[in-house]
Structures are given as structure tokens and as C-alpha cells.
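Sequence positions, counted from 1, serve as the residue numbers for this chain. Values reported hereafter were calculated over all heavy atoms of this structure, with side chains retained and with hydrogens, waters and symmetry mates removed.
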Amino acid sequence: MNQVISYVDEQEVVRLTQELVRIPSVYRPGQPDGNEERVAQFVAETLQQMGLQVFYEEVVPGRPNVIAFYDSGRPGKTLLFEAHTDVVTEGDRDAWSYDPFGGQIAGGRIYGRGACDTKGNLAAAICAVKAIQRSAIPFPGKILLCIPCDEEGMMIGIKDFIRRGWADGVDAAIICEPEENQLCITQKGAMRAILRTYGKMAHGAMPLTGVNPNTRMARVILALEELERREKERLGEHPMLGWPSITPTIVQAPVKGEPQINVVPDQCMTTLDIRTVPGQDHDVLRREMNDILERLAHEDDQFKAVLDVIEERPWTLTPMEAEVVQAVATAYREVAKKEPVFNGVPGATDGTFLHKAGIPILTTGAGDRHIPHHVDEYVDIAQLVETTQLFALSALTYLTQPVHA
């Protein structure tokens with residue numbers, strides 16, 4: 001099996017990464033090419049040329065998932081590789097030293113939006129399958145490539161993939177994300193919430209004739225800061241994920257209409273980005289936040305607030321003894337000639353929902369974990385090649401392991 005490493009073609013994975021980066025796939029509503037459609041079509045055609053069984057499914061107009069099977073023809077397990085096609089905005093192009101959609105090579109790196117997160121890793125997964133094909137090494141079971149849209153948004157791609165039943169029968173998944181080839185067995189959960197406080201408009205010179213929603217929001221934010229402190233004290237710092245957090249990210253008043261310095265607004269809105277770690281229960285956390293609102297309303301008969309949790313992603317934890325973890329660790333030792341580093345993902349990935357569907361997941365891939373979404377995003381070519389080798393050998397190692405009851 002280890003011979004599959006020698007079938008990985010460096011130029012092939014570099015060229016495919018460049019081709020993917022050169023197809024912009026930022027979601028820009030209202031713009032004809034402001035979606036993943038072109039890159040998904042390119043990926044689907046590439047996989048069809050490889051002889052894989054390919055499915056192309058539109059989640060919403062212009063935002064497709066690509067699903068492909070490499071079937072050994074022998075009964076066995078199914079291993080899924082997941083890598084998304086969307087990328088975040090490039091921001092101010094003038095701030096870039098390289099064309100954000102040029103896929104330029106400099107200093108042993110490929111530069112461009114998505115090179116790190118996660119088109120390089122998508123290329124690595126595809127080229128890993130190519131290496132397995134070229135090697136002709138026999139193995140049982142199937143390799144399933146899940147290439148969804150919208151990982152950077154509300155993750156509608158992976159949700160649709162699961163809803164349509166594609167995850168049924170999957171035994172394990174490798175989530176292809178920039179983790180410096182560290183083996184991540186846990187990831188933070190997330191709750192996204194909108195908090196609104198309500199008041200009454202008034203003249204700024206006569207504020208007592210109205211009700212100020214801003215000062216009420218300030219009380220809520222301070223109380224949430226105290227809740228965060230208590231959670232940190234209760235849980236401590238997670239060895240792989242760090243601290244839990246409750247972060248106000250947008251504060252806006254008024255919510256509608258023009259702001260004016262001498263007008264007390266009628267509403268204030270704050271968005272909350274809440275990140276959770278193992279040991280936290282989202283239902284309990286939601287109840288504690290609502291308890292804060294009830295307490296403040298009891299103290300102030302003019303206090304009115306509503307908390308709306310708009311998105312929820314549970315934290316994940318895959319046991320060290322899980323077959324997929326052991327298989328990737330074994331492959332890493334052979335490829336890198338050293339012991340793997342086990343870690344956690346500080347944010348959420350599409351793997352969150354695969355885990356929720358009952359599939360053991362491991363997240364790994366090429367790329368500095370601090371580079372995604374930065375100007376001059378890049379991936380190191382040497383690390384990308386190592387990732388391709390790791391993916392190929394991990395697949396063969398996992399699929400040839402005996403199934404444990």
C-alpha cells in the first residue's frame with residue numbers, strides 16, 4: 001500500500017490547484033458569476049474524465065454540489081473526502097501582491113484566494129484518487145468525494161448532501177481543510193444569534209421622554225461577558241480548542257432608518273458569534289442567555305429584548321481510537337516519517353453536520369491554519385504534495401482495515 005505515495009504527481013496537483021484558483025467562486029448575490037457554478041462544472045468534468053461516477057446537484061440556482069464515487073468493485077467500507085468549492089471575498093485587490101485569482105507560483109508557494117482554504121486541498125483529494133488509480137493497488141470498498149457549495153456561509157451544500165441521503169452508509173470522513181497536516185479530532189461548536197432591544201424614539205436633549213435601547217443593550221452585553229467568564233472558569237482552557245467565547249460582532253442602532261446624533265433610536269441590534277467546546281450544552285447556554293434577559297426585565301420595567309438563535313453547529317469530538325483516526329495517523333507516520341500532531345479546529349467546518357449525522361470525522365490538510373481569508377493567501381507546494389500522499393495512503397489504509405463490530 002505504501003507504494004501509492006510514489007504515484008502522486010507533484011506537477012499534477014500544482015496544476016489542478018492553479019486551475020481551481022483561477023476560477024473565482026466567491027458568493028456574490030446578484031452577479032451572474034458570483035457563485036460556485038463554473039468551478040463545480042470544471043470539477044465535475046475532471047472527475048468524469050477520471051472515470052468516476054459523478055453526480056451534479058443544484059442546491060439553489062447557481063450553487064451546485066458535486067458528488068463522485070470511486071468504487072473498487074469489492075464490498076467494504078465507504079470513506080468520504082469533503083472539500084468545498086466556495087471561497088471568501090478577496091477584499092481590496094490593491095492590497096494584494098499577487099493576483100487573487102491568478103494562481104501564481106513564487107517561492108515554492110501557490111498564491112490566490114482559496115489556495116489554502118480550500119482549493120489546494122480539493123486538488124489534493126482529487127489527485128490522491130488519481131494516484132490510487134494509477135497504482136492499481138487493490139482495495140475493498142468505495143471512496144466518495146463530496147464537493148459542496150457554501151461552506152463559508154450557512155453550509156447549505158453539506159446540509160443538502162445529507163438531506164438527500166448521500167451520507168447514509170458512509171463509515172468515516174476526512175474533512176479537507178488547511179490544518180498544516182495536523183490531525184484534528186475535535187472542533188468548536190457555534191451558535192449565531194441576533195439580539196434586539198426595544199425602546200422609544202425621543203429627542204436627545206430630552207431622553208427621559210423616550211426609552212433608550214442602547215443602554216439596555218449595553219447591560220445585556222456586560223451580562224453576556226460575565227456569562228462567558230463563568231463558562232471559562234467552569235470549563236478551563238481546552239487543550240486543543242482553547243477557550244469558549246461569546247462575542248458581540250455587530251452593534252447597530254437604529255435598525256431601520258437613518259442614525260442621527262440627537263435622536264434616541266427605537267431599536268438596537270447586536271449579533272452574537274458564540275463558540276462552544278466539549279462540555280457545553282447549547283440548550284443550557286440558550287436558557288442562561290434568556291435568563292439574563294428575564295432578570296434585566298425584572299429590574300427595569302421598560303426593558304424589552306428578544307434573542308433569536310439563527311444557526312447552530314454542535315462541537316465535535318472523534319475518539320483517538322476511532323478507525324479513521326488510527327488509519328490517518330498510520331499513514332502520516334509513513335508519509336512524513338514522524339509522529340503526527342493531534343489538534344482541534346478553532347472554527348466549524350462542513351464536518352460538523354457529518355458528525356451530527358453519526359459519521360466519525362477527522363480534519364486535516366495543507367495550509368497554514370492562520371492564512372485563510374488573509375490577503376496574499378497561499379499554500380506551500382511541498383506541504384500540498386505531502387497532503388496528497390497522506391490522503392491517498394489514508395484511504396487505502398482505512399479501507400483495508402478489518403471492520404470492527
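Counting heavy atoms from C-beta on, the side chains of Leu354 and Ile158 come closer than 4.5 Å. A 4.5 Å side-chain heavy-atom check between Val341 and Leu183 finds every atom pair outside the cut-off. Side-chain contact between Ile5 and Glu334 is present, with heavy atoms from C-beta onward closer than 4.5 Å. In this structure the side chain of Asn65 reaches within 4.5 angstrom of the side chain of Cys149, judged on heavy atoms. Side-chain contact check for Leu272 versus Leu224: some heavy-atom pair is nearer than 4.5 Å. Considering only heavy atoms from C-beta on, Glu311 comes within 4.5 Å of Arg313 through its side chain. Within the 4.5 Å cutoff, no side-chain heavy atoms of Ile132 are placed close to those of Ile137. Between Leu145 and Leu52, some side-chain heavy-atom pair lies under the 4.5 Å cut-off.
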Review point. Can Glu312 and Arg286 be said to form a side-chain contact (heavy atoms from CB on, under 4.5 Å), step by step?
Key: CA-CA 11 Å; Glu312 199 167 347; Arg286 183 189 289 105; 2.6 Å; yes
Exercise for review: Walk me through it: do Phe139 and Tyr398 pass the test ring pair (Phe, Tyr, Trp, His ring centres under 6.0 Å)?
Suggested key: CA-CA 10 Å; Phe139 68 93; Tyr398 176 77; over 10 Å; no
Practice item. Apply side-chain contact (heavy atoms from CB on, under 4.5 Å) to Phe69 and Phe55, showing your working. Key: CA-CA 9 Å; Phe69 285 93; Phe55 300 86; 4.0 Å; yes
Exercise for review: Carefully, step by step, assess Glu237 and Lys232 under the rule salt bridge (charged side-chain N to carboxylate O under 4.0 Å, His left out).
Suggested key: CA-CA 7 Å; Glu237 184 177 11; Lys232 287 179 176 179; over 6 Å; no
**Study point:** side-chain contact (heavy atoms from CB on, under 4.5 Å) assessment of Ile143 paired with Phe81
**Key:** CA-CA 8 Å; Ile143 297 171; Phe81 284 90; 3.9 Å; yes
Practice item. Check the pair Trp96, Tyr111 against ring pair (Phe, Tyr, Trp, His ring centres under 6.0 Å), reporting the backbone distance first and the verdict last. Key: CA-CA 10 Å; Trp96 285 69; Tyr111 284 86; 8.5 Å; no
**Study point:** Audit row: Glu151, Glu177, side-chain contact (heavy atoms from CB on, under 4.5 Å) steps and yes/no
**Key:** CA-CA 11 Å; Glu151 191 269 353; Glu177 291 284 355; 3.5 Å; yes
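Of the charged side-chain nitrogens involved, at least one lies within less than 4.0 Å of a carboxylate oxygen, so that Asp160 and Arg164 count as a salt-bridged pair. With respect to the salt-bridge test (charged N to carboxylate O, under 4.0 angstrom), the residues Asp300 and Arg219 qualify. Salt-bridge formation is detected for the pair Arg234/Glu231: a Lys NZ or Arg NE/NH1/NH2 atom is positioned less than 4.0 Å from an Asp or Glu carboxylate oxygen. Comment: Glu377 engages Arg113 in a salt bridge, judged by a side-chain N to carboxylate O separation of less than 4.0 angstrom. Between Glu12 and Arg134 there is a salt bridge, since at least one side-chain N of the basic residue sits less than 4.0 Å from a carboxylate O of the acidic one. With respect to the salt-bridge test (charged N to carboxylate O, under 4.0 angstrom), the residues Asp150 and Arg63 qualify. Using a 4.0 Å cut-off between a side-chain N of Lys or Arg and a carboxylate O of Asp or Glu, Arg295 and Glu288 do not qualify as a salt bridge.
Of the inter-residue distances, the one linking Leu222 atom CG with Glu226 atom CD reads 10.0 Å to the nearest 0.5 angstrom. Put simply, CE on Met269 and CG on Asp308 are 11.5 Å apart, with the number rounded to the nearest 0.5 Å. Of the inter-residue distances, the one linking Met289 atom CE with Ile246 atom CD1 reads 6.5 Å to the nearest 0.5 angstrom. Rounding to the nearest 0.5 Å gives a distance of 6.0 Å between NZ of Lys130 and CE of Met50. Atom CG of Asp117 sits about 11.0 Å away from atom CD1 of Ile371, to the nearest 0.5 Å.
A donor-acceptor distance shorter than 3.5 angstrom exists from the side chain of Ser25 to the backbone of Thr85, with no hydrogens or angles considered. A donor-acceptor pair under 3.5 Å is formed between the side chain of Gln252 and the backbone N or O of Val255. Of the possible polar contacts, one joining the Ser72 side chain to the Gly141 backbone as a donor-acceptor pair under 3.5 Å is found. Here the side chain of Asp281 pairs a donor or acceptor atom with the backbone of Val284 at under 3.5 angstrom. Side-chain N or O atoms of Asp99 include one that pairs as donor or acceptor with a backbone N or O of Phe101 at under 3.5 Å.
For the residue pair Thr271 / Thr249, a side-chain donor-acceptor distance below 3.5 Å is found, with atom types taken as modelled. In this structure, a donor-acceptor pair under 3.5 Å is absent between the side chains of Gln11 and Asp9. Under 3.5 Å, the side chains of Gln187 and Thr352 contain a donor-acceptor pair of N or O atoms. A side-chain donor-acceptor contact under 3.5 Å links Thr387 and Asn181. Side chains of Gln326 and Glu321: a donor-acceptor N/O pair is absent below 3.5 angstrom, by distance only. Residues His355 and Thr318 have side chains that never bring a donor and an acceptor to within less than 3.5 angstrom of each other. Between the side chains of Glu57 and Trp166, at least one donor-acceptor pair of N or O atoms lies under 3.5 Å. No side-chain donor from either of His84 and Glu36 sits under 3.5 Å from a side-chain acceptor of the other.
Surrounding CD of Gln3 are at most 12 heavy atoms belonging to other residues, nucleotides or ligands under 6.0 Å away. When the shell of 6.0 Å around NZ of Lys304 is examined, it contains 12 or fewer heavy atoms from other residues, nucleotides or ligands. Atom CD of Glu225 is surrounded by 12 or fewer heavy atoms from other residues, nucleotides or ligands within 6.0 Å. For Lys159, the NZ atom sits in a packed shell: over 12 heavy atoms of surrounding residues, nucleotides or ligands are nearer than 6.0 Å.
The list of salt bridge (Lys or Arg N to Asp or Glu O under 4.0 Å) pairs with a residue in residues 179-196, not counting sequence neighbours, reads Glu179-Arg369.
Not counting sequence neighbours, Glu258 has no partner by the salt bridge (charged side-chain N to carboxylate O under 4.0 Å, His left out) test. Evaluation of the side chain to side chain donor-acceptor pair (under 3.5 Å) rule for Asp376 yields Ser97 as partners, not counting sequence neighbours.
Residues Thr197 and Pro213 approach most closely at OG1-O, 2.9 Å, considering heavy atoms. The minimum heavy-atom distance between Thr78 and Gly169, with the atom names listed, is CB-O, 3.8 Å. In terms of heavy atoms, Glu339 sits closest to Tyr332 at O-CE2, 3.6 Å.
Judged by the 6.0 Å distance and 45° axis criteria, Arg216 is not positioned over the aromatic ring of Phe303.
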